[in-house]
Number of protein chains: 2
Amino acid sequence: MSKCDSCIIKEFNSLKSLTRDELMRVSACKTGKVYRKGQVIFEEGETLNGVYCVRDGVCKLTKLSENGKDQVVKLVVKGGLLGKRSLVSDQKTNLSAVALNDMEMCFIPKAEIMKDLSKNPKFTMDVLKEMAEDLKEADESLVNMAQKSVKARTAEILLYIHDHFGTDTEGFLSIVLSREDYASIVGTATESAIRILSQFKKDGLISTSGKRIKIEDSNGLKWIE
Amino acid sequence: MSKCDSCIIKEFNSLKSLTRDELMRVSACKTGKVYRKGQVIFEEGETLNGVYCVRDGVCKLTKLSENGKDQVVKLVVKGGLLGKRSLVSDQKTNLSAVALNDMEMCFIPKAEIMKDLSKNPKFTMDVLKEMAEDLKEADESLVNMAQKSVKARTAEILLYIHDHFGTDTEGFLSIVLSREDYASIVGTATESAIRILSQFKKDGLISTSGKRIKIEDSNGLKWIE
DNA sequence: ATGATTACCTGACAAATATCATATTCTAAA
DNA sequence: TTTAGAATATGATATTTGTCAGGTAATCAT
């Protein structure tokens, strides 16, 4: 397995603020893990004893609602760190993580990271900043969820995925989700998500090929209300 | 104005992790501010150059939705710190703060707090923990917003206010909100909020006296879906 | 290749919620 | 105290969204 200090992934998260020495220590005790599409990485309520650094693939963070449905709270791709909140607050995790395609991750034990958190202020500050960003995003999601129609939320997640995670060489969204996942992100019934995506297709806003979606008229999507 | 190190309020927030010396410094540069009911403390997009510590009163943190309606993201009472996220991330604030009744606050300039953040790891860790808690709460709100009915959300906010902020001597919720505020919290039209609260009253779940609300059957409210 | 399973799609209807209109009650300022 | 303006209340109706029911198409393990 590659060493952390030479790992390009770390540039995308707060691990970049660790010193070379600290990275060597982290590297020495990390373990690599591979998850298959659909596999559960951890489940709501579990005690995590470390953080996961995503090297490749995509996963969804979900939370079970009282009505028994999963709600997707966040999508995490290469460079993301899973388990930060749980680590910091020293609580069981409030979210589940499920791989959306085959994933490659590094697992860093809690003790090692906590050592750095207590000794490297720059690193702590960086984690703080990442958390602040998550919080801001969560506020935005909350407002969208509360104030926008399902159709508008669906249009928005398509644009979000496009802008944040990009497209493949053919122009299709590089993150491929099931209709059920879309429903679970925008917080609606699967049938509704299907209907809305079909409508978007009819209206020429998107096109599809299998499960893949291509945005044809991003401006049109922006004006959905 | 009282000194921070003898201020009981600090026990409720991360300032408690500051040393006596640090508190003296903070105390020396803080300024007291008073806000009237309805007054804007700060507005979305402003650059905050410090944090606000709530000594008395209640305020709402809101965010303007694209449809022009305000969404209440959080209620903050005595002991709360406003402006943390903005301070940490060094960005303009993403939320507005409006006093719900007359308020007394202390304003602590950014420079002073940042000094402590960079030098007192226990304090930084505490801020980190508070932020982690906010994030967890935001995730929960998101799921509720996405998956529960307006009626259930309304029941929930009543119980939340009861459990978190308590009641006055007569048993009425100690935080008094307009129907419009309730609507803005649960993310619905004002008329819908009014209707639902009226229904709750008819069903004997709550009773009212002017704008004040008393929970009569908290168990009944819990089972609303 | 084939059957079984899962994902996707669509229609019909029911339920929840928004919107508009209008009336009533409360409240704060003159 | 009076009174204009705001907040609360309620009805009628339109719109959005969910649910159930029945399909077809894609995918997977044998």
Side-chain angles (χ1 to χ4, degrees), chain A residues 36-39 60 65-71 98 100-102 144-157 172 176-203 206-213 224-225, chain B residues 36-39 60 65-71 98 100-102 144-158 172-173 176-203 206-213 224-225:
Chain A
R36 291 303 173 82
K37 177 179 176 176
Q39 211 180 333
K60 58 179 176 183
S65 159
E66 284 174 34
N67 68 10
K69 285 187 192 165
D70 269 324
Q71 173 67 35
V98 179
L100 288 173
N101 48 35
D102 293 351
N144 286 341
M145 209 54 95
Q147 305 277 356
K148 290 189 180 171
S149 70
V150 174
K151 213 190 266 188
R153 269 138 59 192
T154 307
E156 194 159 81
I157 187 64
F172 291 96
V176 177
L177 298 170
S178 69
R179 307 297 149 132
E180 197 182 355
D181 280 328
Y182 276 109
S184 169
I185 291 173
V186 301
T188 191
T190 307
E191 295 95 323
S192 298
I194 288 172
R195 253 184 264 272
I196 286 168
L197 288 173
S198 300
Q199 190 59 49
F200 284 176
K201 207 158 93 177
K202 271 184 201 151
D203 296 346
I206 62 173
S207 61
T208 61
S209 161
K211 299 177 69 123
R212 296 184 306 160
I213 293 178
I224 295 284
E225 53 179 35
Chain B
R36 290 306 173 80
K37 177 180 175 175
Q39 213 179 332
K60 59 179 176 183
S65 158
E66 283 174 35
N67 69 9
K69 285 188 192 165
D70 269 325
Q71 173 68 34
V98 178
L100 288 173
N101 48 36
D102 292 352
N144 285 340
M145 210 54 96
Q147 303 278 355
K148 290 189 181 173
S149 70
V150 174
K151 213 189 266 188
R153 269 138 58 191
T154 307
E156 194 160 81
I157 186 63
L158 292 172
F172 290 96
L173 295 182
V176 177
L177 298 170
S178 68
R179 309 297 182 195
E180 199 181 354
D181 281 327
Y182 276 109
S184 170
I185 292 172
V186 302
T188 191
T190 307
E191 296 95 320
S192 298
I194 288 172
R195 255 183 261 271
I196 286 168
L197 288 173
S198 299
Q199 191 59 49
F200 284 176
K201 206 158 94 176
K202 271 185 201 150
D203 296 346
I206 63 173
S207 61
T208 61
S209 161
K211 298 176 69 124
R212 297 183 306 160
I213 293 178
I224 296 283
E225 54 178 36

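Labels below follow one simple rule: chain letters A, B, ... track the order of the sequence lines, proteins then strands, and each chain is numbered from 1. From a predicted model like this one, the values you see are computed outputs, not experimental measurements.
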**Prompt:** Is the backbone N or O of A:Asn67 less than 3.5 Å from a side-chain atom of A:Ser65, with the two atoms forming a donor-acceptor pair by type?
**Reply:** yes
**Request:** Taking only the side-chain nitrogens and oxygens of B:Ser198, find out if one of them lies under 4.0 Å from OP1 or OP2 of D:dT10.
**Result:** yes
**Asked** Is there a donor-acceptor pair closer than 3.5 Å between any side-chain N or O of B:Arg179 and the backbone N or O of B:Glu191?
**Response** no
**Message:** Whole angstroms only, please: what is the CG-P distance between B:Leu100 and D:dA7?
**Reply:** 13 Å
**Message:** Output the rounded distance in Å from CD1 (B:Ile213) to P (D:dT8).
**Reply:** 9 Å
**Prompt:** Which is it for B:Phe172 and B:Ile206 under the side chain to side chain contact (heavy atoms under 4.5 Å, CB included) test, yes or no, and what are the steps along the way?
**Reply:** CA-CA 10 Å; B:Phe172 290 96; B:Ile206 63 173; over 6 Å; no
**Asked** Are there more than 12 heavy atoms of other residues, nucleotides or ligands under 6.0 Å from atom CD of A:Gln199?
**Response** yes
**Pair B:Asp181-B:Ser184, side-chain donor/acceptor within less than 3.5 Å** = no
**Side chain proximity check, A:Leu177 to A:Ile185, heavy atoms < 4.5 angstrom** = yes
**Prompt:** Rounding to a whole Å, what distance do you find between A:Leu197:CG and C:dA7:P?
**Reply:** 16 Å
**Message:** Rounding to an integer number of Å, can you tell me how far B:Gln147 CD sits from D:dT17 C1'?
**Reply:** 13 Å
**Request:** Compute the angle between the rotation axes at the two ends of the helix from C:dA1-D:dT30 to C:dA30-D:dT1, each taken over five pairs, rounded to 10 degrees.
**Result:** 50°
**Complete:** Atom CZ of A:Arg179 and atom P of D:dT27 are separated, to the nearest Å, by 12 Å
**Request:** Using distance alone, with no hydrogens and no angle criterion, decide if B:Lys201 and B:Thr208 have a side-chain donor and acceptor under 3.5 Å apart.
**Result:** yes
**Asked** Hey, does the side chain of A:Arg153 reach the backbone of A:Lys148 with a donor-acceptor pair shorter than 3.5 angstrom?
**Response** yes
**Request:** Give the B/S/- string for nucleotides 17-30 of chain C, one per nucleotide from 5' to 3', where a protein heavy atom under 4.0 Å of the base yields B, of only the sugar-phosphate yields S, and otherwise -.
**Result:** SSBB----------
**Prompt:** In whole Å, what is the span from the OH atom of B:Tyr182 to the C1' atom of D:dA9?
**Reply:** 17 Å
**Between C1' of D:dT8 and CD of B:Glu180, the distance in whole Å** = 11 Å
**Fill in**
In whole angstroms, the gap separating C1' of D:dT17 from CD of A:Gln199 amounts to 15 Å
**Message:** Closer than 3.5 angstrom, by distance alone: can the side chain of A:Asp102 be matched with the main-chain N or O of A:Lys37 as a donor-acceptor pair?
**Reply:** yes
Taking only N/O atoms, report every protein-nucleotides 1-5 of chain C pair under 3.5 Å with atom names and distance.
none

**Asked** Does CD in B:Glu66 sit with more than 12 non-hydrogen atoms of other residues, nucleotides or ligands closer than 6.0 Å?
**Response** no
**Message:** Between B:Ser149 (side chain only) and B:Ala152 (backbone N and O only), is there a donor and an acceptor less than 3.5 Å apart?
**Reply:** yes
